[in-house]
Amino acid sequence: MQPLLSRLLDAARRGGRIATAFRVAGPLLLLAFAGWERLRSGARRAATTGSENVGRFTGDTGRRAAAAWRDRSAARRSRLATRARAPLANLFELHPEARRALGRDVGLRSVPVDEIVGTAVAGPAQRGGDFLPLPDFRSRNWQGRWARIRRATDRLDIMPPVDLVRFGDGYWVEDGHNRVAAALYNGQQDIDAVVREIRMPGYVDDDTETVATLAPIAEVGG
């Protein structure tokens with residue numbers, strides 16, 4: 001009987017200590033838990049509000065940027081469509097004296113696209129002011145070539161340089177009309193080009209050791 005009574009008394013004492021400890025620590029634990037819940041809820045609200053604000057900001061900015069890009073692209077296409085209705089300017093028609101000009105190789109240059117003003121290919125007009133062939137000259141072969149060029153520019157592939165003649169303040173295309181057109185339609189600022197400069201006889205350039213006569217120019221596709 002005694003051992004059982006002792007065990008019961010010990011259990012009661014232990015229970016009393018546990019109860020006392022709970023009475024002291026319990027409120028602290030509850031306060032800590034409540035604080036953690038408030039902190040977590042506040043963080044959740046801040047994250048939600050912040051993400052909504054960021055989403056709203058980036059969404060509006062993205063929409064404005066996309067709209068501006070569409071407007072620029074649409075305006076560019078409209079301008080090029082207007083240009084396409086007129087034949088591309090021809091160097092030798094506008095400047096017949098260029099046939100007597102002397103030429104020298106300048107080499108590879110990055111040329112502003114808006115400074116390319118026409119073609120240096122003699123003969124009847126076959127291209128519009130957007131550097132693309134006029135509708136009657138758009139063969140199936142050309143359509144395939146144009147599709148390949150557009151895919152390459154969309155992938156940002158490195159394209160071969162075009163061949164340009166510089167005369168006066170402008171550049172004129174010997175080879176690479178389609179690549180110039182792609183640059184125009186894509187809004188490209190500059191294009192790589194192998195440049196030949198031609199000047200009228202009598203022009204003296206102290207930096208030039210040799211001056212060659214401009215060879216006859218013939219169009220090569222692309």
Side-chain angles (χ1 to χ4, degrees), residues 65-99 101-123 125-134 142 145-200 203 205-208 211-212 214-215 217-222:
W69 176 257
R70 285 194 299 271
D71 290 343
R72 286 195 299 269
S73 181
R76 182 169 59 248
R77 288 195 301 270
S78 178
R79 288 194 302 271
L80 289 171
T82 300
R83 288 175 53 173
R85 290 194 285 268
L88 183 62
N90 189 290
L91 171 63
F92 301 110
E93 290 181 3
L94 293 178
H95 304 283
E97 69 277 14
R99 296 181 184 277
L102 303 176
R104 69 181 182 96
D105 291 332
V106 176
L108 185 64
R109 294 288 186 272
S110 180
V111 175
V113 175
D114 60 6
E115 293 184 14
I116 304 174
V117 295
T119 182
V121 176
Q126 297 185 12
R127 292 181 179 270
D130 60 350
F131 289 84
L132 292 178
L134 295 168
W142 172 84
R145 187 163 66 250
W146 176 240
R148 290 193 296 272
I149 289 173
R150 292 308 300 269
R151 285 196 298 269
T153 55
D154 289 343
R155 294 194 303 264
L156 302 180
D157 291 347
I158 297 175
M159 302 287 286
V162 299
D163 293 335
L164 302 179
V165 170
R166 181 170 185 176
F167 183 79
D169 295 331
Y171 293 87
W172 307 77
V173 182
E174 286 185 290
D175 179 47
H177 297 77
N178 295 324
R179 280 165 277 163
V180 172
L184 284 170
Y185 277 96
N186 288 340
Q188 188 174 321
Q189 299 296 312
D190 302 286
I191 192 168
D192 290 335
V194 176
V195 178
R196 182 197 301 270
E197 186 172 32
I198 60 176
R199 293 169 174 171
M200 296 306 297
Y203 182 89
D205 188 344
D206 294 335
D207 295 330
T208 304
V211 178
L214 182 68
I217 301 173
E219 181 177 17
V220 179

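Numbers here simply count residues along the sequence, with the first being 1.
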What one should report as the nearest heavy-atom pair of Asp130 and Ala181 is O-CB, 3.3 Å

What is the distance from atom CD of Glu115 to atom CD1 of Ile191, rounded to the nearest 0.5 Å? 13.0 Å

From the options Val113, Asn178, Leu80, Ile116, select the one residue that forms a side-chain contact (heavy atoms from CB on, under 4.5 Å) with Phe131. Ile116

Assess, by modelled atom type and distance only, whether the side chains of Asn90 and Arg127 contain a donor and an acceptor separated by less than 3.5 Å. no

Check: Arg109 and Leu164 side chains under 4.5 Å, non-hydrogen atoms: no

Closest non-hydrogen atom pair between Asp190 and Pro112, with its separation: OD1-CA, 3.4 Å

Would you mind reporting whether Val121 and His177 have side-chain heavy atoms less than 4.5 Å apart? yes

If I compare all heavy atoms of Leu134 with all of Ala84, which pair ends up nearest, and what's the gap? CD2-O, 4.0 Å

Hey, could you give me the CG/OH distance between Leu91 and Tyr171, rounded to the nearest 0.5 Å? 14.0 Å

Arg150: what forms a side-chain hydrogen bond (donor to acceptor under 3.5 Å, both in side chains) with it, not counting sequence neighbours? Asn186

Do the non-hydrogen side-chain atoms of Ser110 and Asp192 ever get within less than 4.5 Å of each other? yes

Looking at Ala89 and Val117, what are the two nearest heavy atoms and their distance? CB-O, 3.7 Å

Determine whether more than 12 heavy atoms belonging to other residues, nucleotides or ligands lie under 6.0 Å from atom CG of Asp157. yes

If only atom types and distance count, is the side chain of Ser78 paired as donor or acceptor with the main-chain N or O of Ala74 below 3.5 Å? no

Under 3.5 Å donor-acceptor, Arg179 side chain and Ile149 backbone: no

Which heavy-atom pair separates Val165 from Ala120 by the least distance, and what is that distance? CG2-CB, 4.2 Å

Once the angle between the rings of Tyr185 and Trp146 is folded into 0 to 90°, is it parallel (under 30°), tilted (30 to 60°) or perpendicular (over 60°)? perpendicular

Taking atom CD of Gln189 as the centre, report whether more than 12 heavy atoms of other residues, nucleotides or ligands fall under 6.0 Å from it. no

Would you call the rings of His95 and Trp172 parallel, tilted or perpendicular, where under 30° means parallel and over 60° means perpendicular? perpendicular

Ile198 to Ala101 - nearest heavy-atom pair and separation: CB-CB, 3.9 Å

Spacing of CG belonging to Leu94 relative to CZ belonging to Phe92, to within rounding of 0.5 Å: 11.0 Å

